[in-house]
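Remarks on the structure that follows.
Residue numbering restarts at 1 for every chain, and letters A, B, ... go by the order of the sequence lines. Here the structure is a predicted model, which is why all the values come from computation and not from measurement.
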There are 2 protein chains.
Amino acid sequence: MAKNEAPKTAITPTRNEDYPEWYQQVVRAADLAESSPVRGCMVIKPWGYAIWENIQRELDSMFKATGHKNAYFPLFIPKSFLEKEAEHVEGFAKECAVVTHHRLVPGPGGGLIPDPQARLEEPLIVRPTSETIIGAAFASWVQSYRDLPLLINQWANVVRWELRTRLFLRTAEFLWQEGHTAHASEAEAREETLRMLGVYATFARDFMAMPVLEGPKTASERFPGAVDTYAIEAMMQDRKALQAGTSHFLGQNFAKASGIKFQTKEETEEHAWTTSWGVSTRLVGGLIMTHSDDDGLVLPPRLAPAHVVILPVYRGDDTRAKIDEYIDGLAKELRAQRFGERRVEVEIDRRDIRGGDKQWEWVKKGVPLRIEIGPRDVDAGVAMVMRRDRSPKDKSSMARGELVGRVTEILGDIQATLYARALAVRDGNTHVINSRADFDAFFASTGGKEAQGGFALAHWSGDPEIETAVKDAHKVTIRCIPTGGFEGAPWADALTGEGQCIFTGKPSPRRVVFAKSY
Amino acid sequence: MAKNEAPKTAITPTRNEDYPEWYQQVVRAADLAESSPVRGCMVIKPWGYAIWENIQRELDSMFKATGHKNAYFPLFIPKSFLEKEAEHVEGFAKECAVVTHHRLVPGPGGGLIPDPQARLEEPLIVRPTSETIIGAAFASWVQSYRDLPLLINQWANVVRWELRTRLFLRTAEFLWQEGHTAHASEAEAREETLRMLGVYATFARDFMAMPVLEGPKTASERFPGAVDTYAIEAMMQDRKALQAGTSHFLGQNFAKASGIKFQTKEETEEHAWTTSWGVSTRLVGGLIMTHSDDDGLVLPPRLAPAHVVILPVYRGDDTRAKIDEYIDGLAKELRAQRFGERRVEVEIDRRDIRGGDKQWEWVKKGVPLRIEIGPRDVDAGVAMVMRRDRSPKDKSSMARGELVGRVTEILGDIQATLYARALAVRDGNTHVINSRADFDAFFASTGGKEAQGGFALAHWSGDPEIETAVKDAHKVTIRCIPTGGFEGAPWADALTGEGQCIFTGKPSPRRVVFAKSY
Ligand SMILES: [Zn+2]
Ligand SMILES: [Zn+2]
């Protein structure tokens, strides 16, 4: 490739050229994760795992602040447990990892084979989710209304056998948290379900800088065994929806299947009301697709493993000592400050590689602030500051004292800018649709290689056949029936009124969100 | 049971009556964990999991301070990977969970069966440890000496099929961390191996208040595939040893098996030198057995989920408001202080149950400080303070200001007291043994129901046959060849000299530690 043909962006292809391939290249360029030799399972590399650790830390403290405690339950679920709840087994039996033996022995051909003498009497399923095994525990923990509510969360790995996988977005093994709670009344369990949906929405907005719509799913999109499933739905830059978290009101279904019973104050015996709710490493995929650009990953400061990277520019060995001293002092002053609950995290990259390569590496890794320091900067008591939410070439010289004094304000400004941009993308690509013809046009692939229309707000009568037909025609589903997360949007008013289904003409209580999705 | 026959301790049986059963009862009384319906797997309950979270947090920060980064690798290991290292597969094939199918379908008898159409071409092993799968990743990550050292840690669950299990101490599934590093030279890898052994020893002493001997294992006790295995070994109150952490120098064995090669500065190609090191939820078992007494769990303050529990003693409803106000203010002042890296964690137990029951519950849960507040304490501006390292009946009244001012000092004193006691148990039950006859007498079961002699420091010539014979005769093994962790012990000097093997009369470079063990 001749020099004048060089790509103008750090990532090729660009988002417009090929969004799915752009995503893979951002993940690779930021060194977040990679495929493993185990089909469908990923390796989460240190930079990607550090993002997950930050997600975990913040969510964990929100869960604890709302009264939940962490516990840990077995990886394996006896087959008979999975069979207890009919819809649940239907939902998960088709894609699960089944353990059948507990030993390998040399086979006739030379290698090892599962020992026929060590076959399990009852196969074990690697947990796809833990309702049934946690239900068994709850059944023995709960005797009386005094034991309720029981508010438990688990951080764990789960496995759902997937053939078509994509790093972070859909993998056979993934990391997640699953909250499981039991309550004495339906009202309290419903309140918990919505409380945790709210925690997820708050986390998405305040930490991920990702706007989300909140609301119930339609019956066909419910968690297997749930009475009601609620979700937060975000719009990615290709205008597809990403379900970023779910909260389920399970009614008494799992309590009945597992025998979670309690004695009431009035000394009657009742089944408990349960909930479950979860988010996973999929959030990292959502983070990438919400903010990243054609130069690579862009990290919201609240979740960035490093807020600042300092890049010394040595000019010969005689300037090294004075630059290093300056940098160490600067790093110390920056680290002494707190941004949110964390200290300001500073990386210093002293590697002996070309300055341009070094810059681009950190651009691609998405660090919010890059600070370049050369000998003249030391003499002048300044620093070259570059923000990841601006063009890579946009540098500004700033006095050291000002930089130190303003660093958390600048980080906050980057966080706010990313949220505002994501909100503009979502709000600008959400449209009120009032006829079947407009709906079909909206989702027809006309505008470019793969035009997704975005979010279509339309009236729908509640017929599941319509959902099936729309899915078949456009690969479009109802993401949720929005009840929150749209305040201030230009189309907010349209969301609350009654109307007529655009497919059947029947009455509709409220518009729903149609979109293509991950 | 008549009143005067009531047990004098909160836990029955006592340690002296039946140590293994005492252990189970302490775990149950403190509500730490329980068996699950899945054979060999435990449920870690909130109070037990909170201890593990504290262990994780402190270790994680020590790993990061020594330059390690966290990552995550697949739960499943292809059978062919396990087969790559001969000793390794020999060590783990006998006790592993084997996944053979990826779907369940309705069987002829009505229930679900593994779908014969969904049999995996290659069985997958649920990781018993991750050397082989991480080795495959390292092989692609490492190209040049510039990529080294590679310093990675993983927090994960692992499975080793065990039939005889005991909560925390030996379970089929357990939680752990596994460090995996690759280096350009043998010297550097050996240094890393010992550095992490040192981190474990420091953690055991400073956080767990558990004295440990450090040193290499004999060849027969090495990790399968390792060149050298080092361990920290603690003495439990029944005088048995507990291996609390291991650090392995793997030489080039796994690098050769996985193809981890790098180009040196001199442009030759070499295999890397690797290490691995781990501790697990077994540490919680060690913590329990080191400090707990016949009234239940005793927690070292550095790892206690709550440092302080406040117990209001309401005398009728008219005193409730003033007691609550006093307590809230006190809790706020206590929580405003830091003990180590954490704030002082305070629980307030306002439940309406008998005061004595409440007290005993928190005694059994091992909280370092219990504070009782009644109406007269409020009037006098004092609090009743009880320390878990003293008798449950040992109460002292303390002015509120003094309590607030001294709380971290008192917690530090409890931590030091627990360490000193554990050290006295270990040092007092460690003996220099100079003849085979004394050795046999030391480990013969003469002194009571099940007298373990403790640690025997004896010369040994290095013959593995002696190890086998001693194991057969006394169920005693060589725990390690101590090189550290005994400074100041009355028998410290005996550990460093040469001598003659007490079994064979052959020369011995150094005494080793014999003991029964978990
Ligand atoms: Zn519009
Ligand atoms: Zn002695």
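Your options are B:H102, B:K69, B:H101, and the one with the most heavy-atom pairs under 4.5 Å with chain A is B:H102. For the set B:G111, B:P37, B:P123, B:A137, the count of heavy-atom pairs under 4.5 angstrom toward chain A peaks at B:P37. No other option in B:R146, B:K94, B:R351 has as many heavy-atom pairs under 4.5 Å with chain A as B:K94. Ranked by non-hydrogen atom pairs under 4.5 Å with chain A, the options B:I113, B:N157, B:I77 are led by B:N157. For the set B:F81, B:W141, B:F76, the entry with the most heavy-atom pairs within less than 4.5 Å of chain A is B:W141.
Heavy atoms from other residues, nucleotides or ligands lying under 6.0 Å from CZ of A:R28 number 12 at most. Within 6.0 Å of atom NZ in B:K64, more than 12 heavy atoms from other residues, nucleotides or ligands are found, so the atom counts as buried in its surroundings. More than 12 heavy atoms of other residues, nucleotides or ligands sit less than 6.0 Å from atom CZ of A:R282. Within a 6.0 Å radius of CD in B:E90, no more than 12 heavy atoms belonging to other residues, nucleotides or ligands are found. Around atom CZ of B:R335, more than 12 heavy atoms belonging to other residues, nucleotides or ligands sit under 6.0 Å away. Heavy-atom neighbours of A:R342 CZ from other residues, nucleotides or ligands within 6.0 Å: above the threshold of 12.
At distances below 3.5 Å, at least one donor-acceptor pair connects side-chain atoms of B:E83 with backbone N or O atoms of A:L112.
Both the backbone and the side chain of A:A97 have a heavy atom closer than 4.5 Å to some heavy atom of chain B. With a threshold of 4.5 angstrom between heavy atoms, A:F92 does not approach chain B through any atom at all. Within the 4.5 angstrom heavy-atom criterion, only side-chain atoms of A:S140, from C-beta onward, approach chain B. Proximity to chain A (any heavy atom under 4.5 Å) is shown, for B:V105, by neither the backbone nor the side chain. Contacts of B:D60 with chain A are made by side-chain atoms alone, with heavy-atom separations under 4.5 Å and no backbone atom involved. Looking at A:Q154, there are no atoms closer than 4.5 Å to chain B (heavy atoms on both sides), in backbone or side chain. Heavy-atom distances place no part of A:I134 under 4.5 Å from chain B, backbone and side chain included. If you measure heavy-atom distances from A:D31 to chain B, you find no contacts under 4.5 Å at all.
Ring geometry for B:Y49 against A:Y72 counts as parallel: the plane angle stays under 30°, on a 0 to 90° scale with 60° as the upper cut.
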- Please lay out, stage by stage, how B:I133 and A:V38 fare under the test side chain to side chain contact (heavy atoms under 4.5 Å, CB included). CA-CA 9 Å; B:I133 191 85; A:V38 184; 3.7 Å; yes
- Query: Could you go step by step and tell me if B:L82 and A:L104 meet the side chain to side chain contact (heavy atoms under 4.5 Å, CB included) rule?
  - Reply: CA-CA 11 Å; B:L82 203 65; A:L104 294 171; 4.2 Å; yes
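Put simply, the side chain of A:P114 reaches to within 4.5 Å of the side chain of B:T100, judged on heavy atoms. Taking 4.5 Å as the limit, some side-chain heavy atom of B:E173 sits within range of a side-chain heavy atom of A:P74. Proximity of A:L75 to B:V126: side-chain heavy atoms (C-beta onward) are separated by under 4.5 Å at one or more points.
Residues B:W155 and A:E53 have side chains that never bring a donor and an acceptor to within less than 3.5 angstrom of each other.
To the nearest 0.5 Å, atom NZ of residue B:K45 and atom CD1 of residue A:I152 are 9.0 Å apart. With rounding to the nearest 0.5 Å, the separation of SG in A:C41 from CZ in B:F73 is 13.0 Å.
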